[in-house]
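The structure appears right after this line, and notes come after that.
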Amino acid sequence: MPCTSRSDELVFFVNGRKVMERNVDPEGTLLTFLRKNLRLTGTKHACGRGGCGACTVMVSKHDPVSRKIRQRHFSVTACLMPICSLYGAAVTTVEGVGSIKTRLHPVQERIAKSHGTQCGFCTPGMVMSMYTLLRNHPQPSEEQLMEALGGNLCRCTGYRPILESGRTFCMESNSCQQKGTGKSCLDWGENDSSPLGKKNEICTKLFAKEEFQSLDPTQELIFPPELLRMAENPEKRTLTFYGERVTWISPGTLKDLLELKVKHPEAPLVLGNTSLGPAMKSQGHFHPVLLSPARISELSMVTKTSDGLTIGAGCSLAQMQDILAERIAELPEEKTQTYRALLKHLRSLAGQQIRNMASLGGHVISRHCCSDLNPVLAVSNATLNLISAEGTRQIPLNEHFLAGLASADLKPEEILESVHIPHSQKREFVSAFRQAQCQQNAVPHVNAGMRVLLKEGTDSIEDLSIAYGGVGAATISAHRSCQQLLGRRWNELMLDEACRLLLDEVSLPGSAPGGRVEFKRTLVISFLFKFYLEVLQELKKLVKLFSVAVGALDSRHHSEVSDQFLSALEDFPVTIPQGVQTYQNVDPHQPLQDPVGRPIMHLSALKHATGEAMFCDDIPMVDKELFMALVTSSRAHAKIISIDVSKALELPEVVDVITAEDIPGTNGAEGDKLLAVEEVICVGQIICAVVAETDVQAKRATEKIEITYEDLEPVIFTIKDAIKHNSFLCPEKKLEQGNVEEAFEKVDQIIEGEVHVGGQEHFYMETQRVLVIPKTEDKELDIYVSTQDPAHVQKTVSSTLNIPINRITCHVKRVGGGFGGKVGKPAVFGAIAAVGAIKTGHAIRLVLDREDDMLITGGRHPLFGKYKVGFMNNGRIKALDIKCYINGGCTLDDSELVTEFLILKLENAYKIHNLRFQGRACMTNLPSNTAFRGFGFPQGALVTESCITAVAAKCGLPPEKIREKNMYKTVDKTIYKQAFNPETLIRCWNECLDKSSFHSRRMQVEEFNKKNYWKKKGIAIIPMKFSVGFAATRYHQAAALVHIYTDGSVLVTHGGNELGQGIHTKMLQVASRELKIPMSCIHISETSTATVPNTIATAASIGADVNGRAVQNACQILLKRLEPIIKKHPEGTWENWIEAAFEQRISLSATGYFRGYKAFMDWEKGVGDPFPYYVYGAACSEVEIDCLTGAHKKIRTDIIMDACCSLNPAIDIGQIEGSFIQGMGLYTTEELKYSPEGVLYSRSPDEYKIPTVTDVPEEFNVSLLPSSQTPLTIYSSKGLGESGMFLGSSVFFAIADAVATVRRERDIAEDFMVQSPATPERVRMACADRFTKMIPRDDPETFKPWSIPIA
């Protein structure tokens, strides 16, 4: 509704400074305003949907009504916060909290010094969540800390150090004296000997708490006095903000709002924007008028009545949480059943930021099919109080309202004023249930509200109400079933009947959106069973109380809950992780100035914490800069008939559309085009790109481009289909030793099995982004790009533009996470942006949205493995034959290399004399999969370990015995004939058994399992032999350039890229040791192809290894040149020597070079020395599963890793923890879902679940193996970037162990098909019971599934 009327003035404060804006766009968000208008780039753009917390800021508002709390501070996600909703608010961003230029805030200092930052992209959001918590609670509880960080994702650290930093503010910080035993957690281990035996040998301290400045709440920014005055005398007039397409109207009184609703009946009311925002972003919902009721206090009123509680529709879910908690504390338990059920769901609903923003009214009215509160409100007979200009009326929040029936809904001119929730009564029981992919911050697969009222003095049903979410288009009420059960007694007969009735009434078609149909059906009745047990247990308490007085309720007359069933009643608690990190201290004789081996803080940590660390998209706008947006294919395999760009070019501010015809040089490779020509081979393939003056217009223009397709055959998505169509990307890779066929004839037993491992999205917090700046002469280009391989970007741009490499400079300051996803792909985006820059003559900025990034870039290869294993009855494996197929997607990319590495690493830690490994990369019509941390090993080794587990089950022996029996024992050769000594591997294994007290805990687990039927524990220990490096010498070369300036300061440049793994920090440690000067004298600016040319990708765990050798070489050359001067003036200072060297014309600049580790592999002969060295490790994990829901809780993990002599134990332990948690995600919650048409569904943190703070094991111990050496590497260190990934499988096998216990107990046949990830769905369905038998099963031939398995 473009309007000539003048907008009102938007007044708010940011970091204590007043902001007055007249030309504000109602479609704009606070995030865009902060980054573009105010240039406050500390607040990061990562998902755009409020799901990751990277853009968290604090909003403070004055509450004139409340006498208790004058100012409310709450954390919000700026990406969803409409800019117009901030009238009269004070915003604090990370820049307003503290700065390295002025003063650091304790939150910033502690997260940095506790090593809670790696790539640093999520850090400002973490800081703001903790800062807001401390503004409200200067001494928070550990529970509050977990709650505050529940909406913040981190992909690097594994969360433990972040929580550790937050815990230093907590009141009950019992970080060391373990849970009241008074015993220090340093005493862990079965033999109970203190690891502090030898002086200075073992250390468990990564930072010194005593150095932290204390928190002084009086030093915080005050609430702006001007806003105080505005709040005390509120503006009553209606404020209107006109945008190009949308008008935002914010009335000052309820009367005005109701009049506006008559005038604009279609206009939605927007408060938190948590429902409308994502819908407008991803589903293209559009509303020309938005009404904001934020300034209307009547909508936030809370009224306590004798029969219940009326909560204003404008109250946020976080306020509702506080209101309910307060009421529960005041009232007797019998009256608060509903409030407790609501509170339980509120704790796990979304993250803290969303709860702070979302309103009760918005939650109820949006009627999401998965709404957590509506089922509970519906069963508890809540009433909706409506108001309009005509007057007020009440409607019940019942199944008719939830289904959106016009007769039971709001009229267009009505609004929801409040929700009345009645008290529960005597003998009334209300419960809430939910099951999601993970414990917190996840939309539930199914949730339920259940209420029963039992007749006084009996156990027969007087009233019953059950509602479910997630099993239909809206919340579904099981009204018919409930009616039929009235008058029935609360016993097993009733339960059986109820299950049958519910399955009949709450029916779900096989093709239902969201899939997981059989799981959802099972949850419908599993939740009912839990409710049945809960009520029985409550009845038992009542009987105890009244058994004397009441005869009718004699305990003999009603069902009892057996002790074995009691565990079904308890939900897994959210607990803050505890743990110890152990490493070997440096030699006491090492000079204090020498930083090698010490836990030095990440070089950029403080800048990460203050938001002053610049990432690619934080670079200020360049003059006449343009934005690019990509247009991708919507078909999986089709011929392009036409591309019509005319409508896009008609839009204002659109400059051009870049197609394949605009490419002056080569358009990618044959079969792997940068921009599609004639044919598309997957959904998400880039076809063309729009260039416009703003990012918003560029994105809008992409929707106007019309592409006509003609579908082609065949369309292949699954590995199964690829095998059928013989569709492969490269020849088979094969390794063999011994005589497999002959060995199979001589064994006692043979098992054949299958393993399916799903793919994984990199989910680096910083999406792919690039800024290309053309220079005015000589066709030169400056490219700022987030990549692991700037030289590859440089080469690709050179061939695409057909200009020499020497005209192109790529700059990498830091990367917000890579994990392999920024090795090959950034070159594609860099090249397309460069074509745009050359064609338009302007700088081009290309920043991918999370949805586009996940759609276009591919990830870890899904794998399908078949094994045949022959073994003796004692568990000794004699023959193993494994065939692996990986889903490579539509182009080769790294699939051939991944197949090779997969085959080379398959044997893991085991010596089996007769082996055959075969691997194939399948070509499918999916986006091409690429490099990912671990590079094939995490998928392949899961097949090997699954074999071991299967053998153990068949032999009736514990898996660890089979592992031990078949492990390498003495100096030996691998299947590819590379010699190695497994001594360190065995040490890691034994140390892990000991430190985890494995054997005694195995017995405790068995004891627990005997006593509990519906909850089971599992424990597993996994060994690892991980090969480091690329399998070719040329990829191990590295170079560095070191300058010493005349003031003695040193500038180091090297070929490695800072991805968060601390490579720059380690390089400064190396330079400091070699030059014998403090780290403070040395600086690293960036990685640039102009200073160090022809670099290799920072990948394969060896970035610090090889670049460290190059830096060492350069420093040694310089020191050799300075030697005569130092000998002549041994008493002189470093500065004197440098001055003298300059006087004597000695070059103070040197290039360092490392020619690389020898590595080769001959695939024809199947022999080679492909890897410079191995990293050994072992991990033990214990879990507990809920057999009724499939949920699991990680109880404890112990990791032992052989790091030899760590360059920096803090960084190395951080790498181990981060990769372990990432691996754990791969094997448990991270699930990619594709439609039958090959469209990726899981394109945001809403659908794709990486681990959150609540997924970290309750006890998490990491130990670097002491006293191990390797002569090959720099200072005897090892690269640990990837190895921890596979150790995450210890959680998978612990879950499998628990499931196996269930299946043995229930006499279910052994199943040799392993599927990863072990999602709640898979765990629940594997724990077959009477409920899984009851559900209807569909014939797969009779319906089209919502999603297809691609592995």
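One-based numbering along the sequence shown.
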Exercise. Verify side chain to side chain contact (heavy atoms under 4.5 Å, CB included) between Glu1231 and Arg1322, making sure each step is shown before the conclusion.
Key: CA-CA 12 Å; Glu1231 196 173 21; Arg1322 292 204 172 117; 4.3 Å; yes

Practice problem: Could you tell me whether a side-chain N or O of Ser1242 sits under 3.5 Å from a main-chain N or O of Lys1233, the two making a donor and an acceptor? | Solution: yes

Self-check item: Arg427 side chain to Lys455 backbone, donor-acceptor under 3.5 Å
Solution: yes

Exercise. Please report the C-alpha distance between Glu1305 and Lys1016 in whole Å, then the side-chain angles of each, then the deciding distance to 0.1 Å, and finally whether the salt bridge (Lys or Arg N to Asp or Glu O under 4.0 Å) criterion is met.
Key: CA-CA 11 Å; Glu1305 184 174 277; Lys1016 295 289 180 198; 2.8 Å; yes

Quiz item: Would you say the ring centroid of Phe429 lies under 6.0 angstrom from that of Trp490?
Solution: no

Quiz item: What do you reckon, are the aromatic ring centroids of His1192 and Phe572 less than 6.0 Å apart?
Solution: no

Any side-chain heavy-atom pair of [X] and [Y] under 4.5 Å:
X	Y	value
Met357	Asn273	no
Asn385	Leu416	no
Leu1188	Arg1324	yes
Ile387	Glu298	no
Thr458	Arg489	no
Thr1319	Arg516	no
Tyr1234	Tyr1241	no
Met450	Glu534	no

Practice problem: Take Ser481 and Glu505 through the side chain to side chain donor-acceptor pair (under 3.5 Å) test and state the conclusion after the steps. | Solution: CA-CA 7 Å; Ser481 305; Glu505 185 173 1; 2.5 Å; yes

Could you tell me whether the side chains of [X] and [Y] share a donor-acceptor contact shorter than 3.5 Å?
X	Y	result
His368	Ser275	yes
His363	Ser371	yes
Arg347	Gln321	no
Glu266	His287	no

Practice problem: Please list all pairs passing the salt bridge (Lys or Arg N to Asp or Glu O under 4.0 Å) test where one or both residues lie in residues 400-413, with sequence neighbours left out. | Solution: Arg367-Asp409

Lys/Arg-Asp/Glu bridge criterion (N-O < 4.0 Å) met for [X], [Y]:
X	Y	answer
Lys1249	Asp1255	no
Glu570	Lys1015	no
Glu1237	Lys1344	yes
Asp1186	Lys1193	no
Lys540	Glu538	no

Exercise. Assess whether side chain to side chain contact (heavy atoms under 4.5 Å, CB included) is satisfied between Glu518 and Ile1335, documenting all intermediate values.
Key: CA-CA 7 Å; Glu518 291 181 355; Ile1335 62 160; 3.8 Å; yes

Spacing of [X] atom [atom1] and [Y] atom [atom2] [to the nearest 0.5 Å]:
X	Y	atom1	atom2	answer
Met1334	Thr522	CE	OG1	11.0 Å
Ile311	Ile421	CD1	CD1	4.0 Å
Leu523	Thr1189	CG	OG1	7.0 Å
Leu502	Ile525	CG	CD1	8.5 Å
Glu333	Ile328	CD	CD1	10.0 Å
His420	Leu309	NE2	CG	8.0 Å

To check you understand the geometry: which heavy-atom pair defines the closest contact between [X] and [Y], and what is its length?
X	Y	value
Val419	Ala382	CG1-CB, 4.3 Å
Gly449	Pro375	N-CB, 3.6 Å
Leu508	Gly472	CD1-N, 4.4 Å

Quiz item: Are there more than 12 heavy atoms of other residues, nucleotides or ligands under 6.0 Å from atom CD of Glu334?
Solution: yes

Practice problem: Return yes when atom CG of Asp307 has more than 12 non-hydrogen atoms of other residues, nucleotides or ligands closer than 6.0 Å, and no otherwise. | Solution: yes

Self-check item: Residues Thr475, Asn374; criterion side chain to side chain donor-acceptor pair (under 3.5 Å); working and verdict
Solution: CA-CA 7 Å; Thr475 301; Asn374 284 348; 4.6 Å; no

Exercise. Walk me through it: do Arg451 and Glu428 pass the test salt bridge (Lys or Arg N to Asp or Glu O under 4.0 Å)?
Key: CA-CA 7 Å; Arg451 178 185 64 85; Glu428 186 170 36; 2.7 Å; yes

Practice problem: Please step through side chain to side chain donor-acceptor pair (under 3.5 Å) for the pair Asn356 and Ser316, ending with a clear verdict. | Solution: CA-CA 6 Å; Asn356 285 333; Ser316 71; 5.4 Å; no

Practice problem: I would like to know whether Val1299 and Ile1185 meet side chain to side chain contact (heavy atoms under 4.5 Å, CB included); could you show each step before the answer? | Solution: CA-CA 8 Å; Val1299 170; Ile1185 64 168; 3.9 Å; yes

Quiz prompt | For Pro293, all residues meeting side chain to side chain contact (heavy atoms under 4.5 Å, CB included), sequence neighbours excluded | solution = Leu257, Leu269, Leu271, Ile296, Leu299

Quiz item: Who are the side chain to side chain contact (heavy atoms under 4.5 Å, CB included) partners of Pro1345, not counting sequence neighbours?
Solution: Phe1343, Ile1348

Practice problem: Show your working on side chain to side chain donor-acceptor pair (under 3.5 Å) between Asp1339 and Thr1342 and close with a plain yes or no. | Solution: CA-CA 6 Å; Asp1339 176 356; Thr1342 59; 5.2 Å; no

Practice problem: Please work out whether the ring planes of Phe527 and Phe433 are parallel, tilted or perpendicular, with thresholds of 30° and 60°. | Solution: parallel

Quiz item: Within 45 degrees of the axis of the six-membered ring of Phe1331 and under 6.0 Å from its centre: does Arg521 put its NZ or CZ there?
Solution: no

Self-check item: Residue pair Glu414, Arg393: steps toward the salt bridge (Lys or Arg N to Asp or Glu O under 4.0 Å) verdict
Solution: CA-CA 10 Å; Glu414 285 181 321; Arg393 70 183 183 113; 2.7 Å; yes

Quiz prompt | Candidate pair Ile476 and Glu399, rule side chain to side chain contact (heavy atoms under 4.5 Å, CB included), full reasoning | solution = CA-CA 6 Å; Ile476 287 178; Glu399 69 268 31; over 6 Å; no

Quiz item: So Glu326 and Lys304, salt bridge (Lys or Arg N to Asp or Glu O under 4.0 Å) or not? Walk me through it.
Solution: CA-CA 11 Å; Glu326 190 182 309; Lys304 299 172 185 177; 3.2 Å; yes

